[in-house]
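The structure under discussion appears below in the form of structure tokens.
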Protein chains: 2
Amino acid sequence: MLSVLSKMISVKEALKIVEENAFIPKVSEVSLLESVGKVLAENITADRDFPPFNRVAMDGIAIAQTLDSFKIETIQYAGEAQKSLQNPENCMEVMTGAVLPSGCNTVIRYEDIEIQEVDGVKVAKISIPLSEISQGQNVHRQGSDRKMGDILLQKGLKISPSEIAVMASVGKASVKVEIPPKVAVISTGDELVEITANPLPYQIRMSNSYMLSAALDRVGVKANLFHLTDDKEELFIKLQEILANHDILLLSGGVSAGKKDFVPEILANLGVKKLFHKVAQKPGKPFWFGKTEEGKTVFALPGNPVSTFLCFCKYFLERRNEVVVLDKDVFFKPNLTYFVPVKTYFQDGKLMATPFEGSGSADFANLTDCDGFVELPAESQVFKKGEVFEFVRFRF
Amino acid sequence: MLSVLSKMISVKEALKIVEENAFIPKVSEVSLLESVGKVLAENITADRDFPPFNRVAMDGIAIAQTLDSFKIETIQYAGEAQKSLQNPENCMEVMTGAVLPSGCNTVIRYEDIEIQEVDGVKVAKISIPLSEISQGQNVHRQGSDRKMGDILLQKGLKISPSEIAVMASVGKASVKVEIPPKVAVISTGDELVEITANPLPYQIRMSNSYMLSAALDRVGVKANLFHLTDDKEELFIKLQEILANHDILLLSGGVSAGKKDFVPEILANLGVKKLFHKVAQKPGKPFWFGKTEEGKTVFALPGNPVSTFLCFCKYFLERRNEVVVLDKDVFFKPNLTYFVPVKTYFQDGKLMATPFEGSGSADFANLTDCDGFVELPAESQVFKKGEVFEFVRFRF
């Protein structure tokens with residue numbers, strides 16, 4: 001069996017190859033709200049200072065100097081052009097978000113004053129010790145957060161709601177982002193039937209392609225789903241067509257030592273260059289990864305559901321760089337990186353992980369109790385309670 | 001000022017009131033793939049055993065007893081009806097995913113055998129010590145993961161890709177889920193202009209409604225966006241109409257002590273019962289929350305962007321029950337729960353948090369360096385490096 005003879009590489013090497021050969025996404029301009037969750041493909045700079053003017057930060061009065069009481073000249077509302085205090089011994093009522101009136105430098109909030117009417121004139125009296133008032137308080141100074149021309153957001157970051165706020169504030173109604181690749185999810189295996197079918201005793205309903213499609217949906221990728229039978233001719237014709245219309249292929253099944261595991265051979269015939277086949281890991285050892293001359297990538301994942309999912313989470317999804325602390329010992333003899341489904345919880349500030357070894361790579365019902373996989377390195381055989389290991393989260 | 005006199009409640013009390021008065025979502029049946037990220041509204045039971053038959057777990061040979069070598073009778077492929085081993089001294093080649101042939105109980109993988117042709121008959125010879133073969137190995141026994149009739153998924157859980165796989169496998173082409181509420185996001189404030197506008201010196205572009213809308217999008221809710229000016233009549237007419245057409249309203253601005261902060265009064269006039277106004281927290285103290293007789297809820301959030309966002313993340317988003325360890329001391333005197341933006345990272349299995357106090361509740365550019373808020377309780381004034389506190393994540 002040729003595939004058995006293939007060089008098996010480490011998880012670290014495999015990840016490095018996948019990252020170095022990642023499909024290079026296209027860049028496109030989308031509307032601001034469409035950009036959330038995507039990768040920013042331009043720097044965003046401040047078109048004005050942040051804030052753009054000396055901004056009143058509390059509802060109250062603006063003053064020029066600290067006195068016991070002040071005549072109120074008028075009101076400066078948010079959204080109004082800047083007014084001027086006429087007499088530095090007076091004050092002006094000011095509303096949060098307004099420009100600080102010219103001639104003023106400090107704001108005292110309503111909670112710290114009393115407003116009275118004296119001889120038909122409105123007067124604000126300070127109701128706290130004057131020593132508690134500090135010059136400049138409750139004024140959000142122009143440019144104190146960012147200066148005009150500053151780079152606010154760097155190309156390459158993943159856009160979250162706070163970045164949306166920043167881009168809205170500088171008027172980015174549309175923004176350049178990396179657009180999601182066109183992904184095909186393809187299950188193989190003659191034992192699989194449609195989810196609407198009533199399976200015969202030796203058949204099962206397909207689940208991998210739905211699982212992968214749902215996982216892609218969670219990261220903003222709409223995938224096309226296909227199912228192919230274990231037939232060389234069908235595989236060749238259909239995969240050729242699918243490859244022509246997509247950027248990334250995610251296959252499940254057909255990559256192991258079975259007599260109908262034609263996927264690696266067919267991919268080679270289609271000009272997909274094998275970058276590795278077989279990784280020193282459990283589950284997911286038969287994982288095959290390759291690339292076309294145009295830079296399209298093919299992830300041919302083992303068909304057991306836990307293997308499929310682990311490979312997808314570990315090699316396809318963005319790295320999250322999380323770790324967990326094992327809460328009980330695990331023993332694993334083979335010289336393979338062992339990915340164990342875990343349920344996580346916090347204890348004393350630590351992210352603890354309870355391993356659920358389940359009954360192996362086909363036991364996907366086991367995953368519904370878990371949040372991710374702990375990654376136990378190939379070099380050890382005993383993994384002790386309290387030790388820290390990398391974590392591959394799949395529920396977020 | 002009436003609002004100043006309102007009873008200020010604790011963060012804990014506020015959260016309890018919000019949770020007890022949460023909008024009760026409607027249930028609807030959606031296609032399997034549409035259900036990901038939503039809350040399951042029915043129990044899912046196993047229609048067959050998991051796995052549904054004694055399933056071959058490795059490519060290799062199936063045997064009835066452990067011998068040195070076996071004649072190969074035939075091949076049992078995945079997706080084929082079960083075959084029978086004719087002679088218990090022979091074996092059958094079997095492929096992963098196939099039914100275990102009747103008469104067999106154990107599978108030996110190809111890696112551990114050699115296949116030779118002897119007198120025109122294919123023979124499999126065991127190439128490992130026989131003592132390493134254990135009866136029943138590499139067979140995934142029928143019902144070993146779950147039994148027919150078992151509840152696989154409980155009503156109320158959030159559907160992730162692994163639950164999609166489970167539901168696919170039991171033929172749930174459509175599934176009952178809680179459907180997202182109809183949410184309106186409404187900004188108020190006369191200083192705000194559209195993001196496409198060129199603001200005058202005393203104006204700023206609106207950002208809160210885009211931030212909230214993007215955050216809602218991340219949790220599967222498509223919101224409608226509105227902007228209203230600080231005008232009582234406009235607020236009354238427009239809010240009445242918006243309330244009629246939505247389940248939940250998220251307002252920002254107009255809830256503090258300012259002279260144009262009409263939102264609480266208008267909501268009361270529209271029959272929205274105030275459940276609280278003002279929470280002992282910084283930022284976000286003026287947060288107002290209420291409910292209509294029909295059970296619609298109104299979150300009237302303070303207009304400063306960091307306040308808006310904190311209140312949204314803390315009170316609207318699902319609780320994640322995460323904690324962080326402070327990596328430097330924080331001092332905060334007022335008797336308020338203090339939410340500080342933090343940047344998190346892992347160290348020795350602990351999720352560490354570096355506080356970024358920034359320049360207050362209007363400094364939303366500060367959030368782009370952070371992942372969430374650490375929640376520092378009102379009862380203390382000194383929060384020491386190494387102490388553990390609750391964490392409100394906003395980047396996930």
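Model, not experiment: these values are computed from the prediction.
In this structure, no portion of V324(B) lies under 4.5 Å from any heavy atom of chain A. With a 4.5 Å cut-off on non-hydrogen atoms, L192(A) does not touch chain B at all. M58(A) does not touch chain B: none of its heavy atoms, backbone or side chain, sits under 4.5 Å away. With a 4.5 angstrom heavy-atom cutoff, N198(A) does not touch chain B via any of its atoms. Proximity to chain A is limited to the side chain of L153(B), based on heavy atoms less than 4.5 angstrom apart. Only the side chain of L33(A) has a heavy atom closer than 4.5 Å to any heavy atom of chain B. Interface residue F364(B): backbone and side-chain heavy atoms are both found under 4.5 Å from chain A. Both the backbone and the side chain of V36(B) come within contact range of chain A, with heavy atoms under 4.5 Å apart. Within the 4.5 angstrom heavy-atom criterion, only side-chain atoms of R48(A), from C-beta onward, approach chain B. Proximity to chain A is limited to the side chain of R55(B), based on heavy atoms less than 4.5 angstrom apart. Residue P305(B) does not touch chain A at all, counting heavy-atom pairs closer than 4.5 Å. Of the atoms belonging to L212(B), not a single heavy atom falls under 4.5 Å from chain A. In this structure, the portion of D217(B) lying under 4.5 Å from any heavy atom of chain A is its side chain and not its backbone. Residue E387(A): no heavy atom, backbone or side chain, is found under 4.5 Å from chain B. For L32(A), the part lying near chain B is the side chain, with the backbone staying farther off; criterion is any non-hydrogen pair under 4.5 Å. No part of K222(A) comes within reach of chain B, as not one of its non-hydrogen atoms sits under 4.5 angstrom from that chain. With a threshold of 4.5 angstrom between heavy atoms, N321(A) approaches chain B through N, CA, C or O but not through any side-chain atom. For a residue to count as touching a neighbouring chain, one of its non-hydrogen atoms must lie under 4.5 Å from one of that chain's; by this rule D190(B) touches chain A with backbone and side chain alike. For N208(B), no part lies near chain A; criterion is any non-hydrogen pair under 4.5 Å. Using a 4.5 Å cut-off between heavy atoms, V166(A) touches chain B through backbone and side chain atoms alike.
For the set S160(A), P52(A), S209(A), the entry with the most heavy-atom pairs within less than 4.5 Å of chain B is S160(A). Ranking T229(B), V388(B), T368(B), I164(B) against chain A, the residue ahead of the rest is T368(B), based on heavy-atom pairs under 4.5 Å. Note on P51(B), P199(B), A197(B): by heavy-atom pairs under 4.5 Å with chain A, the leading option is P199(B). Ranked by heavy-atom pairs shorter than 4.5 Å toward chain A, the options R205(B), E191(B), E34(B) are led by R205(B). For the set N366(A), I204(A), D230(A), the count of heavy-atom pairs under 4.5 angstrom toward chain B peaks at I204(A). The greatest number of non-hydrogen atom pairs below 4.5 Å with chain A, out of A173(B), S144(B), A81(B), is found for A81(B). With chain B as partner, the option from D47(A), V99(A), D145(A) having the largest number of non-hydrogen pairs under 4.5 angstrom is D145(A). Contact count against chain A (heavy-atom pairs under 4.5 Å) is highest for P161(B) among S361(B), P161(B), A78(B), A46(B). For chain B, the option among R218(A), R393(A), E194(A) with the highest count of heavy-atom pairs below 4.5 Å is R218(A). Counting heavy-atom pairs closer than 4.5 Å to chain B, the top residue among A365(A), G386(A), G189(A), A215(A) is A365(A). Among A362(A), C370(A), S174(A), the residue with the largest count of heavy-atom pairs under 4.5 Å with chain B is A362(A). When L225(B), I159(B), L157(B), V170(B) are compared by the number of non-hydrogen pairs under 4.5 Å with chain A, V170(B) comes out ahead.
Atom CE of M211(B) is separated from atom OG of S169(A) by 10.5 Å, given to the nearest 0.5 angstrom. Between L100(A) atom CG and Q82(A) atom CD the span is 7.5 Å, to the nearest 0.5 Å. Atoms OG and CE, from S162(A) and M167(A) in turn, are 9.5 Å apart once rounded to the nearest 0.5 Å. Here the CG-CE distance, from L326(A) to M352(A), works out to 8.5 Å after rounding to the nearest 0.5 Å.
In this structure the side chain of V325(A) never reaches within 4.5 angstrom of the side chain of D327(A), judged on heavy atoms. Using a 4.5 Å heavy-atom threshold, the side chains of L367(A) and F394(A) count as touching. Counting only heavy atoms from C-beta outward, the side chains of I75(B) and V94(B) never approach each other to under 4.5 Å. A 4.5 Å side-chain heavy-atom check between L317(B) and V219(B) finds at least one atom pair inside the cut-off.
Between R146(B) and D369(A) there is a salt bridge, since at least one side-chain N of the basic residue sits less than 4.0 Å from a carboxylate O of the acidic one. Checked for salt-bridge contact, E163(B) and R395(A) meet the test: a charged N lies under 4.0 Å from a carboxylate O.
In this structure, F53(A) has its ring center no closer than 6.0 Å to that of Y202(B).
Cation-pi check for K147(B) over F50(B) is not met; the charged atom does not lie both under 6.0 angstrom from the ring centroid and within 45 degrees of its normal. At least one test fails for K259(A) against the ring of Y77(B): distance under 6.0 Å to the centre or angle within 45° of the axis.
Proximity of a side-chain donor or acceptor of N54(B) to a complementary backbone N or O of R141(B) within less than 3.5 Å is not detected. With hydrogens and angles disregarded, no donor-acceptor distance shorter than 3.5 Å links the side chain of N138(A) to the backbone of A57(A). Under the 3.5 Å distance criterion, the side-chain polar atoms of S213(A) are left unmatched by any main-chain donor or acceptor of A223(A).
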One pair to check against ring-ring contact (aromatic ring centres under 6.0 Å, His included): F391(A) and F373(A). What are the steps and the verdict? CA-CA 6 Å; F391(A) 178 52; F373(A) 297 94; 8.9 Å; no
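The shortest non-hydrogen separation linking V175(B) to S35(B) is CG1-CB, 3.4 Å.
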